[in-house]
Amino acid sequence: MFVCTACGRKFSLEEHHQRCPICNEPLQLENMKGKRRDGNVWERYRDFYSIPLSMDYSLGEGDTPIIRVDMYGNEFYLKNETLNPTWSFKDRGTFVAINRAIQMGFDRIGVVSTGNMAASVAAYGAHAGLDTIVLVSENILNEKISQLLPYGAKILKVKGDYGELYFKSLKIGKTRKIYFMNSDDPFRIEGYKTIAYELAEKVDVDYVFVPTSSGGLFRGVYKGFLELKESGTIDKIPEMVAVQAKGCSPICSAYPSGKIGRFKNASTIAHAIENPYPPSGNAVLRILKKNGWKCIAVEEDEIIKAQEELAYKGIFVQPASATTLAVLKKLNLKNSRIALILTGSGLKTKSIEYSKTIPLCDIEELEDCEVFK
Ligand SMILES: [Zn+2]
């Protein structure tokens, strides 16, 4: 069954719903219980899926490494999602949504995205042999388009409000029978919950910092922990912190009122979390308030600095992922175990412009070069 995250009404999985037909808030699948088995992450947690998942549609997503680093008096566990097939966590959600698409007889799928998710849906659509339509905003950067083109999806630039495009696409999807597997689609959430499963298997953390845009990832990771707790696998859910960039922080800004509004003049280097009107914003606020958790926004210079610090630990992430480390300075934690969800690769976005110049040396004088001294 689908369950509405706001009004709690239930709807049959036989019909293809994406948002609540009554209150228009996000739907999710009922929580499942089970025990851990063998195999890859989808097989180990097969009890937790109310739809069958065929590995025919997998590109090898999930089961990403967790790297431990010690910084600022804390133990960090870096969940390296940059190692997914299209270099971001989105692949987990796309895999589940593609399974749903096939089961429901869709031969066309689509997505509204500015980057990570577009590449993911284009790749998985190609692999499954589905016609794939990607709607992007008019001012999308060429470097993002170049990650999409190889997969052969139909790409359309749309002029107008990007937040509205999400809702318009769902409407068109209904009339034209195209499954728009957008950011907080209920089946995407099912994919993202595997991040919580994988974390809980390996580490016992006090906090999980989650870069938060549409709210889909945050909801997914929370659902994963909740299901493990309800199954008796873990005793407590780590405190989850929703992290945003100050330049686009509609969820943090709405915390006092509890109701999402459109964030005006959004602008941040963390493009992957630049959604001024997050479709799951209210759903995330409900989770934060229920648990007494925080939403924290970080400055641009803090993001850039954190991106560099993570790279110096050997992991090059996109700015959106670096927000998770940047937020630490606002919390002033010591002796804590903290999981950072590093959502996507730094190669996906324009590289940081380092001011350092690289020295040049003649091969004949190599031994005398500064670098060896
Ligand atoms: Zn509802």
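All ligand and atom numbering here is 1-based and tracks the order in the structure. Below, each value reflects all heavy atoms present in this structure, side chains not excepted, and no hydrogens, waters or symmetry copies.
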ILVMFWY clustering at 4.5 Å (side-chain atoms), partners of Val371: Leu366, Phe372
Under the salt bridge (Lys or Arg N to Asp or Glu O under 4.0 Å) test, residues paired with Lys289 that sit two or more places apart: none
Pair listing, ring pair (Phe, Tyr, Trp, His ring centres under 6.0 Å) test, anchored in residues 193-220, at least two apart: Tyr45-Tyr197, Phe48-Tyr197
With Trp293, the side-chain contact (heavy atoms from CB on, under 4.5 Å) member among Val241, Ile287, Val208: Ile287
Environment of the Zn ion (ligand 1) in terms of protein N/O/S atoms, cut-off under 2.8 Å: Cys4 SG, Cys7 SG, Cys20 SG, Cys23 SG
Ring geometry between His16 and Tyr179 (parallel below 30°, tilted from 30 to 60°, perpendicular above 60°): perpendicular
Closest non-hydrogen atom pair, Asp91 against Trp87: OD2-N, 4.0 Å
